[in-house]
2 protein chains.
Amino acid sequence: MKNLDESLLVHVPPFRKLSRAQIRDVLDLAVPKRFDPAALIFEEGMDADRFYLLLDGHIRVIRTTEGGDQVIALHIVAGQLFGIAAAIGRTTYPATAMAVDECLALSWPSDKWQSFVSSYDGFATESYKVVGERMGEMNNRIVEMATQHVEQRVARAVLRLINQSGKKVEGGIEIDFPITRQNLSEMTGTTLHTVSRLLSGWEKNGIVKSTRRRIVVTDAHRLVVLSEKSA
Amino acid sequence: MKNLDESLLVHVPPFRKLSRAQIRDVLDLAVPKRFDPAALIFEEGMDADRFYLLLDGHIRVIRTTEGGDQVIALHIVAGQLFGIAAAIGRTTYPATAMAVDECLALSWPSDKWQSFVSSYDGFATESYKVVGERMGEMNNRIVEMATQHVEQRVARAVLRLINQSGKKVEGGIEIDFPITRQNLSEMTGTTLHTVSRLLSGWEKNGIVKSTRRRIVVTDAHRLVVLSEKSA
DNA sequence: GGGGCTCTTTGTTCTTGATCAAACTTGGGA
DNA sequence: TCCCAAGTTTGATCAAGAACAAAGAGCCCC
């Protein structure tokens, strides 16, 4: 438990400005944990007792409506903080976090947040920058949902995924975690049927290539064009 | 300029915990300004050199797409901070702020943000609570847009407005600033035509009563029912 | 190596709400 | 007082995408 290597945090933005000794202190307070694919890390409404740093894997942040519809709010990639309800004055988690693939995360008790902010220079700044980026992303999604058609929204969602978690493969860029048409529909507010038809169409035009749970973008440029097609 | 009364800030959340002397200091740094209806306070992309506190009136926060569509992100009511790009590590404003009616606001240079946070206990906590609330609202809107029909979205938008800025009048609750069908459509991602038809329908059913730029909700309960109608 | 679960595809029909098109109303300003 | 701009209503048509319905395909586990 106590032998986490300091190199883990050296390159992670919120901790980048900390000294070796400070990182040691932070790590000594951290609890590492592994999650299997589809494991729930915390659920919407739960008491927000810990905050997390994802070291490896991908996390999906989900909200569920009373009607049972799921909406994917965002994906977290390695190196990002999540579950930081404490940072924005919340006592419960606003959404559910689920491991997409095998994940490794560190966590700390939420009541440590305050002391991190005051003890470690740069920690607050970097963390709130993350908050700002997420707000920006959310804002963009609202604008998209309000003004764009389904095809453009799905195109953007795919582009965002390859930007955040794209892996170069021969013939294009692959989303490097498993994702279904259903998932994509939950990110864009449409149905899996419509997403399936869109992907089939794009595949016919040589823009993407996809198999079960995997998507490779072969012509990102044309996807960008699609995503911008007149409002 | 220097004779702002301290009572202005005593009941405003971010400053609530400050001493009389501290409030004096804060006020001495503040620049008050009045804005006419429809005046732009700052625009998306502008250098975020100041942050604001709205003392009176209503502000509309707007994003405009390349295609010229406008989306209303949120409304700010008296007592709220806005333009707090500095708080989330941004150097430009992420959206445009426009006065809806006659407004009075205080503003401070953005570089004072850091010193406010460190000098005044409770300021950071309260401010980030506001950030958290806005994130929650944005999140809800994303979920709504993804899962609900237009009628439900418009109903919710109206309910939100009367919650935030409702004024009791005989016969119901009125949204206490001027708002057009067009505005409502920009809040919900639909067209003014559809909003007009919905409002006409509701009026026929005795749920609302509206004239040019004014909306009175006469039966909030039934509006809630409408807004929840099966996903 | 088969069974079953999960994911995907594809066809058809139907509904919502956008788009197009005008006319009407209201209130402020010349 | 009249005019005009801004805001509102209403009708008709149309298209995007949801809903309904099945059938296929890939993968994991036994």
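Every chain is numbered from 1 and lettered A, B, ... according to where its sequence line falls, protein lines coming before strand lines. This is a predicted model, so every value here is computed, not measured.
- Comparing atom distances between the H149(A) side chain and each of dG17(D), dT10(C), dT19(C) picks out dG17(D) as nearest.
- Taking only distance into account, the side chain of R212(A) never meets the base of dA25(D) through a donor-acceptor pair shorter than 3.5 Å.
- Protein atom CG of D69(B) is 13 Å distant from nucleotide atom C1' of dA18(C), rounded to whole Å.
- Proximity note for S200(A) (side chain, C-beta onward) versus dA18(D), dT9(D), dT9(C): the nearest is dT9(C).
- Going from atom CZ of R213(A) over to atom C1' of dG26(D) covers 11 Å, rounded to whole Å.
- The CZ atom of R181(B) sits 11 Å away from the P atom of dG7(D) (whole-angstrom rounding).
- Note: CG (N183(B)) to C1' (dA6(D)) measures 12 Å, nearest angstrom.
- Side-chain contact between H221(B) and V225(B): present, with at least one pair of heavy atoms (C-beta onward) separated by less than 4.5 Å.
- The CD atom of E203(A) sits 12 Å away from the C1' atom of dT9(C) (whole-angstrom rounding).
- For the pair Q182(B) CD and dA5(D) C1', the interatomic distance rounds to 15 Å; values are reported in whole Å.
- Between the S196(A) side chain and the L192(A) main chain, no donor and acceptor come within less than 3.5 Å of each other.
- Each of T190(B) and K204(A) lies near DNA chain C, and the nucleotide nearest K204(A) is the one positioned closer to the 5' end.
- Atom-to-atom distance recorded for S210(A):OG and E174(A):CD is 10.5 Å, nearest 0.5 angstrom.
- Among the protein residues, L199(B) comes within range of no part of the nucleic acid, since none of its heavy atoms lies under 4.0 Å from any strand.
- Between the side chain of S110(B) and the backbone N or O of A86(B), no donor-acceptor pair lies under 3.5 Å.
- Between S196(B) and T194(A), the residue whose closest nucleotide on DNA chain D is further toward the 5' end is S196(B).
- No N or O donor and acceptor, one from the side chain of R214(B) and one from the base of dG7(D), sit under 3.5 Å apart.
- Atom CD of E151(A) is separated from atom P of dA16(D) by 11 Å (rounded to the nearest Å).
- Remark on DNA chain D: of its neighbouring residues H193(B) and T191(A), the 5'-side contact belongs to H193(B), judged by nearest-heavy-atom nucleotide.
- Summary of the strand contacts: T211(A) and R197(A) both lie near DNA chain C, and taking for each the nucleotide with the nearest heavy atom, the more 5' one is attributed to T211(A).
- Rounding to whole angstrom units, CE of residue M145(B) and P of dG17(C) are separated by 13 Å.
- Ring geometry, F177(A) versus H75(A): the interplanar angle falls from 30° to 60°, so the pair is classed tilted.
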